[in-house]
Amino acid sequence: MLQSIKLVPYDSIHQSGFEVYPLPPEQLKYTSLPLDLLTNDAQSKLPVTILAENMIVGFFVLDVSDDRYFYTDNPNSILFRGFSIHPDYQGQGIAKKGLQALPAFIHKQFPQIDEVVLGVNIHNEPAQHVYMKAGFIDEGRRHMGAKGQQFALHLHVSYPK
């Protein structure tokens, strides 16, 4: 069982690990493979690798583009997207630990951010459960995404002054 996890900005040295990162079809209905989410849009998107004992176990993207305004009106928000855990490491609490580490990581990378938003498909109940358990809340906002209707979930973060 993997104990500690760490969030690090994606680096090209992680690419080979993501080349052997399968996701089952039932998960690909709601997210994309990490390599498909890497873009040259470094101004607004920060890809993040989740490591456990220096092994690649997960991935997500932090996005400050205008896409976040589908989910919130807050200019100090960031959009959390493309979250996945490698199938070999699912069911070990890594998703929860990664989400718990998110506020401190965001504060370090984007100190002005006070809200994390995400869209989760209304049919993706396992993901909804993980996000809610990690402190995200449903404030009633909905968005029609490329893969169907999305619940907008919010995590309000504050940092010591």
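Quick caveat, the model's predicted, so the values are computed rather than measured.
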Practice item. Decide whether Leu62 and Val130 are clustered together by the hydrophobic rule: side chain heavy atoms of Ile, Leu, Val, Met, Phe, Trp, Tyr closer than 4.5 Å, transitively. Key: yes
Practice item. Give a yes or no answer on whether the side chain of Gln112 reaches the backbone of Asn76 with a donor-acceptor pair at less than 3.5 Å. Key: no
Check your understanding: Roughly how far, to the nearest 0.5 Å, is the CZ atom of Phe80 from the CG atom of Leu99?
Key -> 5.0 Å
Point to revise | Side-chain donor/acceptor of Arg68 to backbone N/O of Pro75, under 3.5 Å | key: yes
Exercise for review: Kindly compute the distance separating CG (Asp67) from NZ (Lys45), expressed to the nearest 0.5 Å.
Suggested key: 6.0 Å
Review point. Any chain of hydrophobic side-chain contacts (each under 4.5 Å) joining Leu35 to Val61?
Key: yes
Revision key, fill the gap. Output for pair (Asp66 CG, Leu79 CG), nearest 0.5 Å, gives 11.0 Å
Practice item. May I have the step-by-step check of side-chain contact (heavy atoms from CB on, under 4.5 Å) for Phe136 and Val120, ending in yes or no? Key: CA-CA 11 Å; Phe136 282 83; Val120 61; over 6 Å; no
Exercise for review: May I ask you to test the Lys6-Asn54 pair for a side-chain heavy-atom distance under 4.5 Å?
Suggested key: yes
**Study point:** Gln90 (side chain) donor-acceptor with Asp88 (main chain) under 3.5 angstrom
**Key:** no
Study note, to complete from the structure: Applying ring-ring contact (aromatic ring centres under 6.0 Å, His included) to Phe18 and not counting sequence neighbours gives Tyr21, Phe59
Review point. Do Phe83 and Met132 share a hydrophobic cluster, counting only Ile, Leu, Val, Met, Phe, Trp and Tyr and linking them when any side-chain heavy atoms are less than 4.5 Å apart?
Key: yes
Exercise for review: Could you pull out the closest heavy-atom pair between Asp114 and Asn74, with the gap in Å?
Suggested key: OD1-ND2, 2.7 Å
Check your understanding: Is there a side-chain contact between Leu51 and Thr49 (heavy atoms, below 4.5 Å)?
Key -> yes
Revision key, fill the gap. dist Ser4:OG -> Ile94:CD1 (nearest 0.5 Å) comes out at 10.0 Å
Practice item. Look only at the side chain of Gln150 and the backbone of Arg141, and say whether a donor-acceptor pair between them is shorter than 3.5 Å. Key: no
Check your understanding: Between OG1 of Thr31 and CG of Asn121, what distance do you get to the nearest 0.5 Å?
Key -> 11.0 Å
Check your understanding: Which heavy atom of Gln109 sits nearest a heavy atom of Pro9, and at what distance?
Key -> NE2-CG, 4.0 Å
Check your understanding: Side chains of Leu155 and Pro103: closer than 4.5 Å at any heavy-atom pair?
Key -> yes
Check your understanding: Where the side chain of His129 meets the backbone of Pro126, is there a donor-acceptor pair that is under 3.5 Å apart?
Key -> no
Check your understanding: Are Asn124 and Tyr131 side-chain neighbours, meaning at least one heavy-atom pair lies under 4.5 Å?
Key -> no
Exercise for review: Could you tell me the separation between the CE atom of Met144 and the CD1 atom of Ile122, rounded to the nearest 0.5 Å?
Suggested key: 7.5 Å
Review point. Any side-chain heavy atom of Arg142 sitting closer than 4.5 Å to one from Phe151?
Key: yes
Review point. Would you call Phe110 and Leu46 a side-chain contact if the rule is heavy atoms closer than 4.5 Å?
Key: yes
Practice item. Please tell me if the side chains of Leu102 and Phe60 come closer than 4.5 Å, counting only heavy atoms from C-beta onward. Key: yes
Practice item. Treating Ile, Leu, Val, Met, Phe, Trp and Tyr as nodes and any side-chain heavy-atom pair under 4.5 angstrom as an edge, say whether Ile78 and Phe70 lie in one connected cluster. Key: no
Practice item. Determine whether the side chains of Gln27 and Ser84 contain a donor N or O and an acceptor N or O closer than 3.5 Å. Key: no
Review point. Does some side-chain heavy atom of Val57 sit less than 4.5 Å from a side-chain heavy atom of Gln92?
Key: no
Review point. Are any side-chain N or O atoms of Glu115 and backbone N or O atoms of His156, one a donor and one an acceptor, separated by less than 3.5 Å?
Key: no
